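These notes are about the structure you will find just below.
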Amino acid sequence: MAGLNLPVQQLAEIQANYLKSAAEVWNQSLHTLQGEAAASPKALGDRRFGSEWLGNPASAFTAQMYLLNARTLMQMAESVEGDAKTQARIRFAVQQWVDMASPSNFLALNPEALKKAIETQGESLTTGMHHLLQDLQKGHVSQTDESVFEVGRNVATTAGQVVFENALFQLIEYKPLTAKVHERPMLFVPPCINKYYILDLQPDNSVIRYTVEQGHRTFVVSWRNPDESLRATTWDDYIEDGAIAAIRTVQAISGQERINTLGFCVGGTILSTALAVLAARGEQPAQSVTLLTTLLDFENTGILDIFIDEASVQLREMTLGPDAPGGPGLLKGQELATTFSFLRPNDLVWNYVVANYLKGEAPPPFDLLYWNGDSTNLPGPMYCWYLRHMYLQNELKQPGALTVCGEAVDLGAIEAPVFIYGSREDHIVPWPAAYASVALFSGERQFVLGASGHIAGVINPPAKGKRSHWTNNTGSAKHPATAEAWFAGATEHPGSWWPVWSDWLKPQAGKLVNAPKSAGSAKFKPIEPAPGRYVRAKA
């Protein structure tokens, strides 16, 4: 902080602009009080402040002054001179304070909440207090009506069987929906942060069901929600006993040496690492690799970068890592969930504080937000290794820089075509960072960019006709060096990117054969129906 500086000239300009704008707001408010309707603001340009705010001169003044103060504070934060990471941290901290201090978050200043309290004779406040007490017991702000959903009943309902399990995961094989299936099976490796059923929310937006409908014999890893018995689990364990064990099981059940693979978010990082380990052992099990919003090059990690430096990683290692004085521990799922929510505080925190507590409104049922609240723990040693070697030291992209499961890994040694997807508004995996994976592989590569964010961009079924996607038909050897150059030559298409991926995958899937009559094999018999026990365990 000692090296930071706020230039005097810029500060003077900010102060002068602030005083001018504050005077304008004050004069406008005086004219409004004198009955000059034309002086009233038509809109405040912020969805937190609607018609009730404009209809009350005091509330309109409060909202306008808040917005002016917020702009001024952010201008000051933007003007601070210092290193890039410290600048980003200051902007993040100021934005958090600004969002928290909104008058809409306080009952006494919120005319919408006060009006509802009067209209309901205080019932909205009683209900809001009830919601608050319930959320205190849950340990998080409710974003949806969680009572509506149940895993296996109305989310994660695609039919299948658990055909393998170990301490880390269950492997689900899904029931075919076509008379014939492609001979090469498909293995999904979802993220171990949150649960796999983001890929199987409802039948009409399920990536898993869509894949099965396209005639692919589909297997999905359902990671266990770690408890104290897994607190010492390492990154190597997730690779060897997780992804590699899943690959070998799918090979054994299907009788196919080469299989199609897909990894989502950190699941893509795990899958790519596992395939690099197997390549170092002389094995090439992947006929194709699909990576959805995945980081392999961690140079640009967006807003998450503000949380990562040597001191913060060391702190995690000292408290959760394998050599921590009290022994390894668990990173609690609620801590991760809270961190991700505060990356978008107005949308994922304060919006629900106002609606749930101040107005006494029950949050509407929404499957994606139910999944978002179904958090998972992470083993400390695995998490600390991931932070240091991926986020902090960015070693996965460097051939031979990392040793995993006893092997020096090189992503370029993976001999398979790769389909890479990024979401244009992703704040977890910025799409230029997803595009950076193109340069790390040596085989055929295709990159597709979708609209929206980290989750909504991926979960975009064709039947909905929503959003759009971009493609660039440059050959694999001619991929532009930068994401910006790729986008400059890209073409926008309406609707989902799923059909583009399906068309790309089909030639990799092999000929059509009769669909299996039952799940598993003689050696790998069904254990229980999907979605299995592991996904139901709460953090």
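Numbering starts at 1 and runs along the sequence shown. This structure is a prediction, so every number in the text was calculated from the model and none was measured.
Inter-residue side-chain proximity for Pro461 and Asp204 is flagged as unmet; no heavy-atom pair is nearer than 4.5 Å. Between Lys538 and Thr376 the shortest side-chain heavy-atom distance does not fall below 4.5 Å. Contact check for Glu240 versus Val404: no side-chain heavy atoms found under the 4.5 Å cut-off. Counting heavy atoms from C-beta on, the side chains of Ile193 and Cys265 never come closer than 4.5 Å.
Using cut-offs of 30° and 60° on the angle between ring planes, the pair Phe298 and Tyr386 is perpendicular. Ring-plane geometry between Tyr370 and Phe149 is classed as tilted, the angle between the planes lying from 30 to 60 degrees on a 0 to 90 degree scale. Relative ring orientation between Tyr435 and Trp486 is described as tilted, the plane-to-plane angle lying within the 30° to 60° band.
To the nearest 0.5 Å, atom CG of residue Asn225 and atom CG of residue Leu378 are 9.0 Å apart. To the nearest 0.5 angstrom, Thr158 atom OG1 is 8.5 Å from Glu213 atom CD. Taken to the nearest 0.5 Å, the CG atom of Leu201 stands 9.5 Å off from the OG1 atom of Thr157.
Among the candidates Tyr238, Tyr534, Tyr196, the single residue satisfying the ring-ring contact (aromatic ring centres under 6.0 Å, His included) test with Trp223 is Tyr238. A side-chain contact (heavy atoms from CB on, under 4.5 Å) with Met186 is found for exactly one of Ile259, Leu505, Val212, namely Leu505. Remark: of the listed residues Trp497, Trp431, Phe447, Trp497 is the sole one forming a ring-ring contact (aromatic ring centres under 6.0 Å, His included) with Tyr421.
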Next item on the list: Verify salt bridge (Lys or Arg N to Asp or Glu O under 4.0 Å) between Glu173 and Arg217, making sure each step is shown before the conclusion.
Entry: CA-CA 8 Å; Glu173 179 180 358; Arg217 189 176 182 184; 2.7 Å; yes
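In this structure, the ring of Phe342 has its center no less than 6.0 angstrom from the ring center of Phe92.
Of all non-hydrogen atoms in Ala539 and Asn377, the two that sit nearest each other are CB-OD1, 3.6 Å. Gly510 and Arg184 make their closest contact through N-NH1, 3.5 Å (heavy atoms, listed as atom of the first residue, atom of the second, distance).
With no hydrogens or angles considered, no side-chain donor-acceptor pair links Asp236 and Thr234 at under 3.5 Å.
Distance alone, capped at 3.5 Å, places no donor-acceptor pair between the Gln95 side chain and the Pro345 backbone.
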